Structure formats: C-alpha cells, structure tokens
Amino acid sequence: MGDLTSLLTCRSVSYLGPPGTFTEEALQNWRGLDYEEAIPFPTVEEAILAVEDNVADKAVAPIENSIEGSVNATLDSLAFETGVLIQAEMV
C-alpha cells in the first residue's frame with residue numbers, strides 16, 4: 001500500500017459539516033492526518049465530490065454510524081458517483 005504517512009499528508013480536507021459534526025471531530029482527532037485547511041460541506045456527496053473536482057485533496061466521510069449502521073450516501077458516492085478511493089480508515 002505504500003507509505004501511510006504520505007497518504008495522510010495534504011493541503012486540504014473536505015468533510016461533512018457544519019463545524020461541530022462527528023465527522024469534524026473524527027477529522028480533528030485523526031492521528032497522522034496532516035492538513036492545512038478543513039472545508040465543511042453540507043452533504044457527504046458534496047464532500048466526496050470536492051476531491052473529484054480538485055477542490056480538496058482528501059475527504060473524511062462516515063462509512064458507518066451507531067444509529068443507522070451503513071451510511072448509504074457515502075457508500076453510493078464511492079461506488080457509483082466518483083472515482084475517489086478509500087485510502088485509510090478510523091474507528
């Protein structure tokens with residue numbers, strides 16, 4: 001898979017906003033993720049598309065949560081709407 005450190009270093013990261021969401025909390029607490037700017041988006045789809053559209057270098061998006069289980073918006077975006085690939089995960 002290569003050097004995980006270089007995979008987690010970037011200029012900007014998009015995430016499901018607004019500030020204060022669990023996704024932002026995960027972003028802030030992710031050890032080894034090094035970035036200069038965090039950009040909130042109103043939907044998971046928009047956060048992931050920001051990577052595809054070169055607005056952000058990486059995205060943090062929920063795959064599962066304790067209430068719904070699988071987050072279908074994330075899975076659908078990754079599987080059917082973009083060429084964005086998962087590079088790492090945080091539990």
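Since we're looking at a predicted model, the values are computed, not measured.
Under the rule for a salt bridge (Lys or Arg N to Asp or Glu O under 4.0 Å), the partners of Glu37 that lie at least two apart in sequence or sit in another chain are Arg11.
A chain of hydrophobic side-chain contacts below 4.5 Å, direct or via other Ile, Leu, Val, Met, Phe, Trp or Tyr residues, connects Trp30 to Tyr35. Put simply, Val55 and Leu16 are part of two different groups of oily side chains (I, L, V, M, F, W, Y) that touch within less than 4.5 Å, one to the next. Placement of Phe80 and Leu75 in two distinct hydrophobic clusters is found when ILVMFWY residues are connected by side-chain heavy-atom separations under 4.5 Å, directly or transitively. Hydrophobic clustering keeps Leu27 apart from Phe22 (ILVMFWY residues linked when any side-chain heavy atoms are closer than 4.5 Å, directly or through intermediates).
Contact check for Pro40 versus Pro19: side-chain heavy atoms found under the 4.5 Å cut-off.
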Can you give the donor-acceptor pairs under 3.5 Å from side chains of residues 42-54 to other protein atoms, not counting sequence neighbours?
from  : atom 1 : to    : atom 2 : distance (Å)
Thr43 : OG1    : Glu46 : N      : 3.0
Thr43 : OG1    : Glu46 : OE2    : 3.1
Glu52 : OE1    : Gly83 : N      : 2.9

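A distance-only check finds no donor-acceptor pair linking the side chain of Thr74 to the backbone of Ile63 [under 3.5 Å]. Using a distance-only test at 3.5 Å, with no hydrogens or angles considered, a donor-acceptor pair links the side chain of Ser77 to the main chain of Ala73. Side-chain atoms of Thr23 do not come within 3.5 Å of backbone N or O of Ala61 as any donor-acceptor pair.
Scanning all heavy atoms of the two residues, the minimum distance from Cys10 to Lys58 falls at SG-CG, 3.7 Å. Between Ile39 and Ser12, the closest heavy-atom pair is CD1-CB, 4.1 Å.
In this structure, OH in Tyr15 is found 6.0 Å from OG1 in Thr21, a value given to the nearest 0.5 Å. The structure places CG of Leu33 at 8.0 Å from OG1 of Thr9, a figure rounded to the nearest 0.5 Å.
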